[in-house]
Amino acid sequence: MAEVDLWQGELESVFARVAGRFIRADLRRRMRDYVRGLLAPVGRKNGWQLAEWAGHRDPAGLQHLLNGARWDADAVRDDVRDYVAERLGAGGVLIIDDTSFIKKGSTSAGVGRKYTGTSGKIDNCQIGVFAAYATSSGRALVDRELYLPKSWTSDRERCQAAKIPDERGIATKGELARDIVRRCLAAGLPAASVTADEAYGQDWHFRRLLEVGYVVAVPKSQQIKSLAGIWRIDELIGEAPGDAWQRLSCGDGAKGPRTYDWAAAKPPSNIIFDPDPPTHHRWVMARRSLSDPGELAYYLAYAPVGIEIADLVRIAGSRWAIEECFQAARNECGLDEYEVRRYPGWYRHITLAMLAHAFLAAHAAQANGDARGAAETDQPTLRSPWQRSGACWTLSYRTPNPTRTDASTP
């Protein structure tokens with residue numbers, strides 16, 4: 001009973017936080033019913049089943065909440081972000097990634113045929129770009145944007161039918177991610193670093209936004225620039241001495257610690273971009289599979305002076321927290337079970353599902369009071385001689401690569 005009272009008290013505090021966004025009392029009641037339904041053990045969280053669970057005669061009221069009522073989903077999103085920051089604490093990692101929602105037909109805003117990891121094939125789907133915030137206490141989604149392919153933005157009649165605003169033009173997923181990062185940092189989200197997969201990490205404009213620091217994945221063809229020339233990141237890592245590799249866990253997975261061999265190096269300071277003396281260092285990193293040494297992943301990092309390699313590995317490993325957010329929000333909060341087709345309805349459902357998921361994350365953090373959220377990094381079992389002496393593998397750039405391109409990394 002004490003746990004039930006705690007659960008109820010936390011949920012009421014969430015409703016009180018967003019109540020002012022719903023001016024009319026009937027909308028506030030519908031919002032509460034909708035979020036409670038998303039959290040309830042309902043078989044499929046669509047309009048009819050949520051309405052039945054809430055005791056409504058039909059789903060018209062809940063459909064009106066999503067499609068016709070007057071309330072600002074972006075204002076609720078801001079409340080969700082602030083609530084997550086308050087409950088999960090400062091010093092976390094802001095994580096950027098996208099996920100797809102499989103849909104039938106051609107009228108759902110932004111829908112199109114493309115490859116999706118959700119089904120593992122080319123499918124009819126919508127794509128959302130999301131941000132999650134992860135600390136040692138938990139993780140939760142804090143922002144979202146719906147991606148609109150060119151087939152939509154070039155057809156204004158189609159956009160108007162889906163209630164897509166006229167000012168919403170074409171934007172790549174990378175541009176949407178930049179908007180999300182700007183918004184989160186401007187709002188004071190207390191993130192100490194940012195991470196993302198290579199789809200976003202390879203974007204130089206994206207990395208330049210991340211003044212708080214970052215560890216982002218990049219493709220093996222990523223270009224690294226110095227005053228001496230331009231090299232591919234896989235070529236530089238290929239020159240790493242054997243003792244540059246150390247065994248570290250980047251966090252716990254479903255089968256225990258995710259342990260790999262890691263190598264990290266600081267390139268020379270960039271006199272164009274870096275202050276003197278520098279407050280941050282840039283890093284080139286690689287992760288090597290223990291079972292298949294030929295399987296490598298590559299990273300670029302920008303982190304405060306004095307950071308340990310184990311901390312960079314922890315940040316890189318925290319990227320999986322957003323996948324866990326997607327899975328939990330789908331399984332427990334109906335993130336992907338919406339029936340809305342119009343643009344405003346998508347944002348409203350997704351935002352209320354994020355609110356429900358944020359409540360679960362905050363409640364878990366409050367109930368457990370431990371590091372149940374973001375993955376922890378183990379101490380290395382093998383330390384290389386250069387790390388023990390406090391030194392670092394240095395990139396010498398001895399032999400310029402004759403193949404030069406304009407793509408570069410500052």
Side-chain angles (χ1 to χ4, degrees), residues 21 27 30 34 38 44-48 50-51 58-78 96-131 141 143-183 199-200 203 205-206 326 329-330 334-354:
R21 308 301 185 182
L27 289 183
R30 290 170 187 170
Y34 195 81
L38 293 177
R44 179 166 176 79
K45 295 171 182 179
N46 55 32
W48 274 104
L50 289 178
D58 57 49
L62 298 183
Q63 290 172 350
H64 178 69
L65 174 72
L66 299 181
N67 295 308
R70 294 182 60 184
W71 59 279
D72 188 348
D74 286 349
V76 176
R77 171 207 63 202
D78 294 345
I96 302 296
D97 202 357
D98 55 74
T99 190
S100 55
F101 303 90
I102 298 173
K103 292 295 168 184
K104 297 180 180 180
S106 60
T107 57
S108 297
V111 74
R113 289 190 63 78
K114 53 187 72 69
Y115 177 82
T116 166
T118 302
S119 63
K121 61 181 181 179
I122 295 176
D123 222 328
N124 209 47
C125 64
Q126 296 169 296
I127 294 179
V129 180
F130 286 81
L141 299 171
D143 210 329
R144 74 289 178 266
E145 288 289 353
L146 178 63
Y147 170 68
L148 300 177
K150 188 175 180 180
S151 60
W152 275 85
T153 56
S154 62
D155 188 341
R156 296 318 303 175
E157 290 186 4
R158 193 182 188 191
C159 287
Q160 289 171 1
K163 301 296 183 182
I164 297 172
D166 291 338
E167 61 270 20
R168 176 66 193 272
I170 188 169
T172 66
K173 287 182 283 186
E175 289 170 334
L176 295 177
R178 284 180 240 158
D179 288 343
I180 289 174
V181 169
R182 289 190 192 99
R183 196 155 53 224
Y200 301 97
D203 180 359
H205 299 285
F206 177 74
F326 291 148
R330 289 174 188 270
L335 183 74
D336 60 343
E337 295 182 358
Y338 55 90
E339 296 176 324
V340 294
R341 291 187 172 87
R342 293 176 175 176
Y343 183 88
W346 186 89
Y347 277 91
R348 290 179 171 191
H349 167 81
I350 294 296
T351 303
L352 293 178
M354 286 168 51

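- Residue T116 comes nearest to C125 through the heavy atom pair CB-SG, 4.2 Å, listed as atom of the first residue, atom of the second, then distance.
- When every heavy atom of F206 is checked against every heavy atom of V181, the shortest pair comes out as CE1-CG2, 3.8 Å.
- Judged purely by atom type and a 3.5 angstrom limit, N124 uses its side chain to pair as donor or acceptor with the backbone of G105.
- In this structure, A109 and A162 approach most closely via the heavy-atom pair CB-CB, 4.1 Å.
- In this structure the side chain of R330 reaches within 4.5 angstrom of the side chain of F101, judged on heavy atoms.
- Ring pair F130/F326 is perpendicular by interplanar angle, where above 60° counts as perpendicular and below 30° as parallel.
- Contact between I180 and A131 at its shortest, heavy atoms only, is CG2-CB, 3.5 Å.
- Considering only heavy atoms from C-beta on, I164 comes within 4.5 Å of W152 through its side chain.
- The local environment of CZ in R341 is sparse, with at most 12 non-hydrogen atoms from other residues, nucleotides or ligands closer than 6.0 Å.
- Residues in residues 158-175 take part in these salt bridge (charged side-chain N to carboxylate O under 4.0 Å, His left out) pairs, two or more places apart or across chains: R156-D166.
- Atom CG of D155 sits about 13.0 Å away from atom NZ of K150, to the nearest 0.5 Å.
- Between A51 and P59 the shortest heavy-atom distance is CB-CA, 3.7 Å.
- Here the shortest heavy-atom pairing between L50 and L38 reads CD2-N, 4.0 Å.
- Interatomic distance, CD1 of I96 versus CG of D143, reported as 8.0 Å (0.5 Å rounding).
- Tested against Y347, the residues R144, R342, E145 include a single side chain to side chain donor-acceptor pair (under 3.5 Å) partner, E145.
- The aromatic rings of Y338 and H349 sit tilted relative to each other, their planes meeting at an angle between 30° and 60°.
- Side-chain atoms of R348 come within 3.5 Å of backbone N or O of W71 as a donor-acceptor pair.
- Rounded to the nearest 0.5 Å, atoms CZ (R21) and CZ (R70) are 15.0 Å apart.
- Taking 4.5 Å as the limit, some side-chain heavy atom of I350 sits within range of a side-chain heavy atom of L335.
- To the nearest 0.5 angstrom, I122 atom CD1 is 10.5 Å from K114 atom NZ.
- Atoms OG1 and CZ, from T172 and R178 in turn, are 5.5 Å apart once rounded to the nearest 0.5 Å.
- Judged by distance alone, with hydrogens and angles left aside, the side-chain atoms of D58 form a donor-acceptor pair with the main-chain N or O of A60 at under 3.5 Å.
- One distance of note links CG of L146 with CG of L176; it measures 8.5 Å at 0.5 Å rounding.
- No donor-acceptor pair closer than 3.5 Å links the side chain of E337 to the backbone N or O of R44.
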